[in-house]
Amino acid sequence: MKHVIVGTAGHIDHGKTALVLALTGIDADRLKEEKQRGITIDIGFADLSLGDVRFGFVDVPGHERFVKNMLAGAHGLDMVMLVVSADESIMPQTREHFDICRLLNVKSGLIALTKSDLVDEELLELARAEVEDFVRGSFLEGAPIVPVSSRTGAGIDTLKEQLSELAQSTQPKAVDAIPRLPVDRAFSVKGFGTVLTGTLIAGELAVGEEVQVFPDGPRTRIRNLQVHGKDTDRALAGQRTAVNLQGVDVSQVIRGTVIAPPGRVSPTSLLDARLDLLPGASRALGQRARVRLHHGTAEIMARVVILEGEADSRAATAEGRDELSVNPTKRSGTQIEPGASGLVQFRLESPVTALPGDRFIIRSYSPQVTIGGGVILDSLPEKHRVRSSAPRLLEELERADQIERVAILVENAGPPGLSLGEILSRTGATDGQIAQARATLVGSGRVAEVPGSPTVLVSAQAIQDLSERVVSLLAQHHKSEPLSVGLSREEVRERLFNGIRAEVFRTVIQRLVEAGKAAAEREALRLATHRPALGHAEAEAKQKFENSLSRAGLRAGTIEETAAAAGVPIELARKLYTLLAAERRVQKLGDLLFYVDALDQLKSAVRARKAISTKMDVAVFKELTGGLTRKHAIPLLEYLDRERVTRRVGNEREIL
Ligand SMILES: Nc1nc2c(ncn2[C@@H]2O[C@H](COP(=O)(O)OP(=O)(O)OP(=O)(O)O)[C@@H](O)[C@H]2O)c(=O)[nH]1
Ligand SMILES: [Mg+2]
């Protein structure tokens with residue numbers, strides 16, 4: 001069975017609620033005040049099955065003061081039923097509601113010409129002609145215009161037929177997507193606890209599943225689900241859904257919150273978007289204007305930072321003349337004219353949970369009228385300045401499909417890359433979509449996968465840039481210090497990889513080594529082609545230094561002591577030490593420099609001792625080493641343990 005959400009739209013008193021009642025037998029006005037005043041105040045719901053289609057009706061209020069409530073019902077519509085009273089024809093909220101439907105990208109619908117019983121044939125035709133004119137050039141151009149009377153029942157059957165026919169061609173909402181349910185109502189049911197309702201705009205929800213109340217509510221489980229008033233195990237995208245949540249207070253699931261699985265969406269206070277200003281907006285939208293942003297069922301106050309709009313000509317010339325001399329607070333001359341569009345960043349006064357592709361509406365702060373709307377391009381952006389390169393990125397994102405979007409975001413992230421988790425919540429993609437994007441992009445070499453937890457994707461470009469920087473840093477070092485083996489890993493990391501995950505550093509180095517461009521020897525990194533260049537005097541000093549190490553044997557000294565014994569200046573000795581360390585001729589234990597040959601001999605001697613006994617106490621060790629003192633014995637014993645020649649058992653050592 002196909003599920004289709006139909007919203008009413010239209011001016012106050014044009015007969016929306018009466019029509020929903022005539023169609024479904026359900027009075028969507030449920031509040032006492034609504035009945036008393038004879039007007040709709042808040043959205044109401046009704047449903048109807050026609051053939052194999054289940055219609056969920058969202059009946060909205062027409063009063064201009066309740067457009068805010070209308071907006072909570074207008075998101076997630078598959079179809080609109082624009083209600084125009086034949087005796088009054090097009091009125092202000094007919095326009096405003098219709099504008100909202102267009103901005104929200106409602107794709108299908110029809111027009112009900114209500115109260116046909118109140119007008120004669122001529123007036124009816126006049127109203128029809130006006131409506132045809134009104135919808136020309138919009139998604140409703142050519143849509144059915146059905147005269148109806150809720151009072152006499154005339155035209156209701158035709159309307160049902162037309163609804164059924166349109167329903168055949170509506171695009172179903174994506175079931176294979178991250179589920180999201182913007183809450184429009186929550187109440188408490190005795191014995192059940194908190195129940196919330198909304199239109200499931202994507203994915204599916206199942207009883208028992210873990211969900212979170214976004215932006216800042218608790219994690220909990222779904223205890224029970226209902227679709228159109230009947231219990232079900234599973235609710236699908238496009239269904240009017242009631243969710244019974246475990247251990248959640250009604251106050252935590254107010255209108256505007258969103259139910260979604262934890263970890264798949266992230267609350268944000270910044271949104272990058274394409275914003276269209278209505279041609280009928282009374283004035284241009286200025287930099288940092290304060291507006292009401294409506295997204296899903298939420299209304300949030302926000303400032304609009306215009307990143308790229310229609311430049312005010314005065315400001316543009318002022319900027320062109322001399323950028324620096326213009327006072328920065330005045331030079332933000334960009335604005336969006338009525339009927340024009342721009343790229344913007346919303347700075348929200350409280351967080352929302354959104355995904356790219358979501359539609360939104362903006363209304364002016366005061367008076368409260370709808371002035372525009374658009375589509376979200378990046379739901380987790382950085383904070384942009386007015387002048388930034390953000391518009392280029394946003395234009396790319398605007399044109400991108402899901403795979404391209406992943407590539408663009410990863411490329412834009414630069415060297416730090418993006419973790420899979422970050423990619424998930426920034427794209428709203430399913431696991432399957434991410435896996436596909438990952439395979440495609442890694443396969444084509446555009447993106448590199450950096451193993452670790454979490455897995456991070458880094459653009460090939462960023463890896464290459466980093467590699468080039470490593471190569472040039474090493475080349476520079478070799479040039480200024482021809483004697484040095486190379487730079488220590490730590491130094492390379494500190495100088496070029498600040499704030500970048502260690503895994504990215506390792507990947508870059510590993511790739512350089514694999515490509516034969518660099519060599520990594522213990523702690524030192526060098527270009528593969530680099531050989532330390534020793535002059536005659538230095539070669540001699542190296543020999544002396546090595547002799548001195550060899551003479552000391554296990555009675556090793558610090559670098560200063562060794563240098564003094566060899567008669568080599570300490571500066572030079574440091575370089576000789578790195579050289580010998582790279583050649584594995586010397587090993588530092590604590591701050592003592594041991595000759596590797598001496599260590600090897602010690603290992604052999606200890607292993608040979610095993611023939612006599614597998615135990616070795618300190619006395620035996622002293623005997624083996626010719627009476628070493630604590631100073632040397634302790635680091636050596638620990639070294640033997642580390643090398644797995646021995647194992648410490650209590651006060652003794654076992655030879656392995
Ligand atoms: N004669 C006649 N009256 C109608 C018809 N449809 C609605 N009405 C009357 O018009 C008035 C308003 O109808 P509603 O259905 O409440 O109008 P609405 O569009 O829902 O109004 P809001 O929700 O407040 O915007 C009521 O008194 C209805 O009885 C109709 O087809 N013929
Ligand atoms: Mg009504």
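What you see below is based on every heavy atom in this structure, not just the backbone, and it leaves out hydrogens, waters and symmetry mates. Read the numbers this way: they start at 1 and go in the same order the structure lists the ligands and their atoms.
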Exercise check, heavy-atom protein proximity under 4.0 Å to atom 26 (C) of ligand 1:
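No, there is none.
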Polar contact flag for [X] and ligand 1 (N/O pairs, less than 3.5 Å):
| X | answer |
| --- | --- |
| Gly15 | yes |
| Asp117 | yes |
| Asp13 | yes |
| Leu118 | no |
| Asp29 | no |

Which residue supplies the protein heavy atom nearest to [atom], what is that atom called, and how far is it?
| atom | value |
| --- | --- |
| atom 6 (N) of ligand 1 | Ala18 CB, 3.7 Å |
| atom 28 (C) of ligand 1 | Arg151 NH2, 4.5 Å |
| atom 18 (P) of ligand 1 | Lys16 N, 3.4 Å |
| atom 23 (O) of ligand 1 | Thr40 OG1, 2.6 Å |
| atom 16 (O) of ligand 1 | Gly38 O, 4.0 Å |
| atom 8 (N) of ligand 1 | Lys115 CE, 3.7 Å |
| atom 31 (O) of ligand 1 | Ser150 N, 2.8 Å |

Using 2.8 Å as the threshold, say whether any N, O or S atom from Thr40 sits that close to the Mg ion (ligand 2).
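It does; at least one qualifying atom falls short of 2.8 Å.
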When you compare the side chains of [X] and [Y], does any donor N or O come within less than 3.5 Å of an acceptor on the partner?
| X | Y | answer |
| --- | --- | --- |
| Thr297 | Arg255 | no |
| Asp78 | Thr170 | no |
| Arg274 | Ser341 | yes |
| Gln93 | Glu96 | yes |

Salt bridge (Lys or Arg N to Asp or Glu O under 4.0 Å) between Arg290 and Glu349, intermediate numbers included:
CA-CA 10 Å; Arg290 194 158 181 248; Glu349 291 176 21; 2.8 Å; yes
Sub-6.0 Å ring centroid separation between Phe134 and Phe98
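Ring centroids of Phe134 and Phe98 are less than 6.0 Å from each other.
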